[in-house]
Structures are given as structure tokens and as C-alpha cells.
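Start at 1 with the first residue, then count along the sequence.
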Amino acid sequence: MTLENRLRDAMRNPGTGWSMGSFGAIAEFHHVAGDPAATPLSGCGIVTARGGIRLENISAIRPVAWEGLGPRPHRWQQGVALCLPEGETGTARRSVLTELGPDTGALRDQDREAVLFDLGLDQPQVDFCVRTSDPALIAALRAECGRGVFEGHAMAAILPAHPHRVALTGIGRVEVFQKIGGPDTGGVSPPGPHTHVLPKLLRSRRTHSANTPIPPGLVPVAGLHPESPAMDTMGADRDFDAAAFADFQRMLAEWGNAGRNALKARVWAALAEGVAPGDFPPPDDRHARTALRVALRQAERRDGPLPALAAWRAAFDRDTAEPDEDAPGH
């Protein structure tokens with residue numbers, strides 16, 4: 001199956017989430033249980049009353065499937081980073097607030113006359129924007145154009161007005177219509193589509209977390225977040241879903257790192273054979289150590305408490321997560 005067909009299939013699965021953006025400025029699209037089904041868009045995209053996503057230029061995408069540690073000892077993370085080669089991400093990298101005019105590429109017809117403003121975050125993989133038809137907000141933002149968005153009064157105008165947020169990338173866009181998480185939302189992001197702009201992470205000038213194993217020469221522009229076998233779309237624990245687990249393991253075999261996949265297979269075989277952890281040589285690579293720990297957590301959820309598992313967990317998975325050494329406060 002082609003990558004485009006796999007992405008179209010994922011669009012139809014309400015358990016799948018999506019993201020676009022950078023390390024510090026990201027727009028996420030998730031379905032909310034009980035909402036009406038998403039409306040398909042021409043090409044590869046969907047939209048709901050809360051937000052939407054459209055993928056373009058799919059032939060340029062380099063998918064990278066990965067797994068990581070979750071913050072709880074019985075969980076792990078998974079995803080497919082949709083990457084572009086370094087230097088080919090296609091963003092404008094504006095460094096000041098800039099008016100772009102009507103958003104003629106908006107996902108919905110009713111939004112195409114609204115005015116788009118690039119926040120000027122100077123990110124290599126995303127032009128992070130807001131969109132509004134509110135005359136007062138348009139006037140306030142026009143008065144701030146040409147300045148850094150955190151230097152003047154732009155953010156003070158944006159936050160209470162809750163304009164649409166639009167993440168523009170070389171492979172498409174994510175739009176969020178819901179309120180910005182803050183005082184008007186009880187200090188938390190609303191369920192479903194939402195955005196984060198975190199100045200501290202933006203100052204790190206990194207394209208992604210050190211915990212995400214992106215090969216050199218690639219930049220993650222967007223993320224496909226397949227249905228988790230261990231937790232639901234709201235982040236709550238769920239009964240282990242063998243079908244969701246098998247589906248992502250196929251993605252990992254196709255788009256992941258062959259060495260780490262082989263390591264996981266050796267760990268599972270050693271557990272089944274009752275091998276003592278002291279007889280298994282520990283990997284010396286950060287991401288390989290993560291793969292070993294993920295394999296143990298997956299074995300416990302998939303197979304139950306195997307006799308050797310407690311000793312293996314004690315030897316290799318004592319901590320909840322390996323810290324992201326480069327992420328300031330994150």
C-alpha cells in the first residue's frame with residue numbers, strides 16, 4: 001500500500017491523531033468521542049467543527065515510525081514522524097508578526113476571507129499563524145506588525161480573542177478553531193484540536209525532542225499518532241488492544257529502525273525462553289535502551305506477568321523515563 005493510501009486510511013480512523021509544527025509551536029488535531037464524523041476534504045484531509053488537517057506534497061514525505069517511553073511505568077508512546085529533508089521544508093521563516101492577507105487556502109469556504117497573520121516564530125518546519133475576521137483584533141495585530149510577537153502587545157490581544165490557529169508547512173496545514181487554553185478554559189487545552197506555543201522551547205532552536213529518534217538529515221514537520229493499544233484518545237488507560245498493537249508494529253517494521261526492531265524481537269525471545277537479564281548484554285545507545293524498555297512494557301501488557309519479567313524490569317526499566325537532556329524544563 002502506498003504512503004498516500006496509508007495516510008488516507010488513517011484520516012478515516014477516529015482513533016488517529018495528527019500534529020504539525022515544531023519543538024515549541026505545534027497544532028494538534030484529534031477527534032472527540034461523540035462528535036459527528038469528520039467531513040472528508042478533496043485530496044487527503046478532514047475537517048470537523050473543532051478543526052481540521054490537510055496533507056499535500058505527499059510524495060516528498062519521509063515517514064519515520066518510532067516508539068518512546070511514557071511517563072507511567074506501564075505505558076509507552078508511539079508515532080510516525082512525517083519528515084522532509086533538511087533545507088527543503090519550504091517555510092518562510094519570518095521573524096516578526098506579518099500580515100499575509102485573506103487565507104485563500106483555508107479548509108472551509110467560510111474562512112477564506114478571514115485575515116491570516118504569521119506570528120513570526122522563525123521555525124524551520126512551520127509558519128505558525130492566527131486567522132481572524134474580528135475587526136478589532138485585525139486592527140490590533142496590524143499595529144504590531146513588524147515586531148516580535150512576544151515583544152509588544154500582540155499576544156495580549158490574541159489570547160482573549162481566541163482566533164483560529166493555522167500551522168502551515170511544506171506538506172499541508174492543521175487548523176484549530178477552538179479556544180486557546182488559558183483562563184477562559186480553566187487553564188487547560190480543550191479536548192480535541194488545540195495548540196501550544198511555548199517560548200522556552202522555541203528558544204532552544206531545536207526541531208524535535210531528543211527522545212524522538214529522527215535520522216540525521218531529516219526534519220519532522222508533522223506527526224501521525226495511530227490509535228494506542230494502551231490508552232484512549234483522552235489519555236486514560238484502556239484494556240490492551242491487540243489489533244491496534246499489531247497495526248503499529250507493522251508500521252514500525254516498514255518505517256522504523258531495523259536495529260531497534262531486531263533488539264525488541266531478541267528481548268521478547270529471551271523473555272519467552274526464561275533468560276536471566278544478567279545474560280543479556282545491555283545496549284549502549286540511548287534509543288536502543290529505550291527500545292529495550294518499551295519491549296518490556298509491551299510484553300507485560302501483551303503477554304501478562306511472565307516469570308522473568310519482574311527481574312528484567314528491575315534490571316533495565318527502573319526509572320519512568322530517560323530525560324530529554326536538551327529540552328529546557330520539558
Side-chain angles (χ1 to χ4, degrees), residues 1 6 10 15-16 62-81 83 208-216 218 220 223-232 235-327:
M1 183 183 294
R6 294 290 292 273
T16 298
R62 304 293 181 264
V64 176
W66 59 273
E67 292 178 322
L69 296 169
R72 301 181 186 179
H74 61 288
R75 288 186 177 182
W76 62 94
Q77 299 174 324
Q78 63 182 34
V80 179
C83 301
H208 60 282
S209 165
N211 289 332
T212 308
I214 303 300
L218 294 179
L224 159 63
H225 307 285
E227 184 176 6
S228 169
M231 55 186 171
D232 64 22
D237 287 338
R238 62 182 291 195
D239 292 339
F240 182 74
D241 188 320
F245 179 74
D247 186 55
F248 186 74
Q249 295 308 300
R250 286 190 289 270
M251 293 185 193
L252 202 63
E254 185 174 358
W255 299 326
N257 179 274
R260 292 192 287 272
N261 293 344
L263 171 64
K264 285 178 53 178
R266 292 198 302 273
V267 170
W268 290 336
L271 285 172
E273 294 166 7
V275 174
D279 295 329
F280 192 91
D284 57 7
D285 169 77
R286 171 195 184 97
H287 296 304
R289 290 194 298 270
T290 294
L292 190 160
R293 296 172 69 180
V294 168
L296 296 177
R297 298 180 185 197
Q298 292 173 338
E300 188 167 52
R301 292 301 306 271
R302 183 188 64 185
D303 305 325
L306 297 170
L309 191 54
W312 278 71
R313 291 289 298 270
F316 296 118
D317 194 23
R318 291 188 297 271
D319 302 321
T320 57
E322 187 153 349
D324 183 347
E325 297 159 353
D326 302 315

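Pairing each heavy atom of Gln78 with each of Pro229, the nearest pair is OE1-CD, 3.7 Å. The two residues Gly256 and Asn261 make their nearest non-hydrogen contact at C-ND2, 4.2 Å. Residue His208 comes nearest to Pro220 through the heavy atom pair CB-CG, 3.6 Å, listed as atom of the first residue, atom of the second, then distance. Taking all atoms of both residues into account, the shortest heavy-atom contact from Leu271 to Ala299 is CD1-CB, 3.8 Å. Here the closest non-hydrogen pair linking Leu224 and Pro226 is O-CD, 3.3 Å. Contact detail for Phe240 and Arg301: the closest heavy-atom pair is N-NH2, 3.4 Å.
By the side-chain hydrogen bond (donor to acceptor under 3.5 Å, both in side chains) test, Asp241 is found to be paired with Arg238, residues two or more places apart in sequence or in another chain being considered. For Ser228, the side-chain contact (heavy atoms from CB on, under 4.5 Å) partners at least two apart in sequence or on another chain are Ala230, Met231. With sequence neighbours left out, the side-chain contact (heavy atoms from CB on, under 4.5 Å) criterion links Pro215 to Val64, Leu218.
Proximity of a side-chain donor or acceptor of Arg289 to a complementary backbone N or O of Phe316 within less than 3.5 Å is not detected. Using modelled atom types, no side-chain atom of Trp66 and backbone atom of Ile214 make a donor-acceptor pair closer than 3.5 Å.
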Throw together a table of side-chain donor-acceptor distances under 3.5 angstrom for residues 244-255, partners on residues two or more places apart or in other chains.
{"unit_1": "Gln249", "atom_1": "OE1", "unit_2": "Lys264", "atom_2": "NZ", "d": "3.0"}
{"unit_1": "Gln249", "atom_1": "NE2", "unit_2": "Glu67", "atom_2": "OE2", "d": "2.9"}
{"unit_1": "Glu254", "atom_1": "OE1", "unit_2": "Arg6", "atom_2": "NH1", "d": "2.9"}

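Between Asn211 and Gln77 the shortest side-chain heavy-atom distance does not fall below 4.5 Å. Contact of the Leu306 side chain with the Glu300 side chain is not registered, since no non-hydrogen atoms from C-beta on lie closer than 4.5 Å. The shortest side-chain heavy-atom distance between Thr290 and Arg260 does not fall under the 4.5 Å cut-off. Counting heavy atoms from C-beta on, the side chains of Leu292 and Pro283 come closer than 4.5 Å.
Contacts classified as side chain to side chain donor-acceptor pair (under 3.5 Å) and involving residues 270-284 (residues at least two apart or in different chains) are not found. Residue pairs meeting the ring-ring contact (aromatic ring centres under 6.0 Å, His included) criterion with at least one member in residues 274-294, sequence neighbours excluded: Phe280-Trp312.
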